[in-house]
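Working notes, structure below.
Chain letters run A, B, ... following the sequence lines, proteins first and then strands; every chain starts at 1.
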Amino acid sequence: MIEIKNLYKCFNELEVLRDINCRIASREVVVVIGPSGSGKSTFLRCINMLEKPSSGDVSINGVSLTDPKTNINEMRQEVGMVFQQFNLFPHKTVMENITLAPVRVRSLGNKQAEEVGMELLEKVGLSDKAYAYPQKLSGGQQQRAAIARALAMRPEIMLFDECTSALDPEMVGDVLTVMKDLAREGMTMVVVTHEMGFAREVGDRVIFMDEGMIVGEGTPEQIFNNPSHERTQAFLSKIL
Amino acid sequence: MEVAIKSIPVLMQGAGITLFITIVSICFGLILGLSAGLARLSKNRILSFFATCYIDFFRGTPLLVQLVLIYFGIPDILRDIQEGLVAAFGIDPFFNNIPTLAAVLIALSLNSGAYIGEIFRAGVQSIEKGQIEAARSLGMTYRQAMRHVILPQAFKRMIPPLGNEFITLLKDTALVSVIGFGELFHRGDLIVSRTFEAFAVYMEVALIYLIMTLTFSRFVDYLERRLKYGD
Ligand SMILES: Nc1ncnc2c1ncn2[C@@H]1O[C@H](COP(=O)(O)OP(=O)(O)O)[C@@H](O)[C@H]1O
Ligand SMILES: [Mg+2]
């Protein structure tokens, strides 16, 4: 379970997150929406400490991440992240991308790691690309490889930051399918996306962010069908 | 013309020495440069400060001055210190001069180390931020991310500037002739002062440098092309 309490984040003078409070239950799929610049990415990046909160706390399974005694590297093993720009390692094959962290961080044997890798590549529909370099893959394939890479650490939680925004429209479906499968298998997911279809279909809860605050929160039906907050209404009318 | 032909063996030996001091200095320079580059990138302020001082000093002053400072200046101080020690403890003097070869290698290594330090820092910083973020988000430590993700990519990008640094250093070795070290240019100089065939001999020296630098830059091109494969 993720618990976020009074989270603030400033970049110098700029206050990007203001008093965020949020609990995310195990196996819950939370979709975060909101206009560009509203702090969605920063919010997500505070959950795995890629950004250090200015104040407040983020805890996972009761372990506070802002506690200096907490081993952040260990915590991150439980929190996979998928980026808008894929961020695959270009000097490694898809398989090497996937096995690197399990071998180096989890001390898995090479052979075992490759077995896990192959299993995951089948799951994301890329078993024929295991030994290709990322540049040889389409955007959609790269993103699915990146998902497989994150899953190889066997995380409890997966964070997705606009992971279909950089894709050509015809590639979006394949990536969303993989994400929907994950959601159905019970993965805890925090998903920043503009894909409202995805939010409706698998989202347990939708959070609407604006100017660094959570200004609307509810089930997809509540948010999409009768949004109470006027900014939410304005935002939804623009993108739906 | 005759002088030029006769001096070929002597100049070739000089070229061998030039190549030797270049290669040895680049090897030490790589070690120094890697350390200085990493130190500059480090979050440790003190480490980063000293690395910056080192890099700025050796990039911001002429190699010629560095050379005479190390060859004449440092021994001068050491002799002063020795005098003090001899007077205070009654021990025998043990130091007179830095051997010329040592001074040459120290100066060239320190100088190339400073440039390589910058090449290294620039190489690491040219890697997209997303790479280290992806590595860290998988639970890798900073060291693991550097070693397995950032450095392999940075090295590839460092090859052309490192090749340039090698060529620059190879040409700059001519400066060590001021402390009378018998590399290529110094030997040419000696032949000219004996025979007065300035044009032929200096031209010959120039051509030998040119052959070395061209050969090496071809090799770097080849290396770069080879490494392009596979990613
Ligand atoms: N590293 C950073 N340094 C300074 N400002 C930043 C940084 N990251 C994000 N910001 C600023 O924080 C605000 C929120 O950014 P972000 O979380 O990326 O929003 P979103 O993902 O909702 O578009 C933006 O104004 C952005 O310019
Ligand atoms: Mg964003």
Side-chain angles (χ1 to χ4, degrees), chain A residues 41 44-45 47-51 71-94 96-107 131-137 142-143 145-155 157-161 166, chain B residues 30 33-34 37-38 41-46 48 116 119-163 220-231:
Chain A
S41 298
L44 215 56
R45 292 156 59 85
I47 298 178
N48 67 353
M49 293 286 124
L50 281 184
E51 301 293 354
N71 183 337
I72 295 298
N73 295 318
E74 262 169 33
M75 293 309 293
R76 284 193 181 128
Q77 297 172 28
E78 312 304 330
V79 186
M81 186 168 211
V82 181
F83 302 84
Q84 184 171 357
Q85 299 299 336
F86 328 137
N87 294 343
L88 288 171
F89 308 135
H91 59 303
K92 294 189 176 295
T93 62
V94 169
E96 288 164 349
N97 264 275
I98 293 173
T99 57
L100 179 65
V103 170
R104 298 291 166 184
V105 180
R106 288 238 196 256
S107 308
Y131 300 101
Y133 282 91
Q135 289 89 322
K136 298 276 190 282
L137 270 54
Q142 288 191 44
Q143 194 59 298
I147 294 175
R149 176 177 70 180
L151 291 175
M153 289 299 285
R154 300 284 185 223
I157 300 161
M158 285 284 283
L159 310 173
F160 294 85
D161 192 0
Chain B
L30 276 171
L34 286 180
L38 268 184
L41 289 167
S42 147
K43 279 201 204 102
N44 185 328
R45 293 264 176 88
I46 299 167
S48 162
I116 292 171
I119 292 172
F120 184 78
R121 185 188 60 82
V124 168
Q125 286 185 334
S126 77
I127 305 300
E128 300 67 36
K129 239 179 120 219
Q131 292 288 307
I132 189 128
E133 288 181 350
R136 297 303 302 272
S137 78
L138 290 163
M140 284 192 226
T141 60
Y142 177 77
R143 287 178 84 106
Q144 287 172 325
M146 276 309 239
R147 161 135 185 252
H148 299 291
V149 175
I150 305 302
L151 293 184
Q153 296 183 63
F155 278 131
K156 218 175 270 190
R157 293 191 194 174
M158 282 165 60
I159 287 172
L162 278 180
V220 172
D221 286 348
Y222 163 80
L223 210 62
E224 214 185 331
R225 255 180 290 121
R226 273 287 307 265
L227 284 169
K228 279 236 170 71
Y229 288 102
D231 85 346

>> Can a donor-acceptor pair be found, under 3.5 Å and without considering hydrogens, that links the side chain of A/N48 to the backbone of B/S137?
In response: no
> Is it the backbone or the side chain of A/L159 that comes under 4.5 Å from a heavy atom of chain B, or both, or neither?
Replying inline: neither
>> Is there a side-chain contact between A/N73 and B/Q144 in this structure, where contact means two heavy atoms from C-beta onward sitting under 4.5 Å apart?
In response: no
> Looking at B/K129, B/E128, B/E133, which has the largest count of heavy-atom pairs under 4.5 Å with chain A?
Replying inline: B/E133
> Taking all non-hydrogen atoms of both residues, which atom of A/F83 and which atom of B/A134 are closest, and how far apart?
Replying inline: CE1-CA, 3.7 Å
> OG1 of B/T141 to CZ of A/R76: how many Å apart, nearest 0.5 Å?
Replying inline: 10.5 Å
>> For A/R45, which atoms come within 4.5 Å of any heavy atom of chain B: side chain, backbone, both, or neither?
In response: side chain
>> Show the nearest heavy-atom pair for residues A/Q77 and B/L138, with the distance to one decimal.
In response: CG-O, 4.2 Å
> Where do B/R136 and A/L50 come nearest, in terms of heavy atoms and distance?
Replying inline: CB-CD2, 4.4 Å
>> Going by the rule side chain to side chain donor-acceptor pair (under 3.5 Å), which residues pair with B/Q131 if we only count those two or more places apart in sequence or in a different chain?
In response: B/Q153
>> Let me confirm one number: the CG-NE2 distance from B/L151 to A/H91, rounded to the nearest 0.5 Å.
In response: 9.5 Å
> So, does B/H148 use its side chain to make a donor-acceptor pair with the main chain of A/A101 at under 3.5 Å?
Replying inline: no
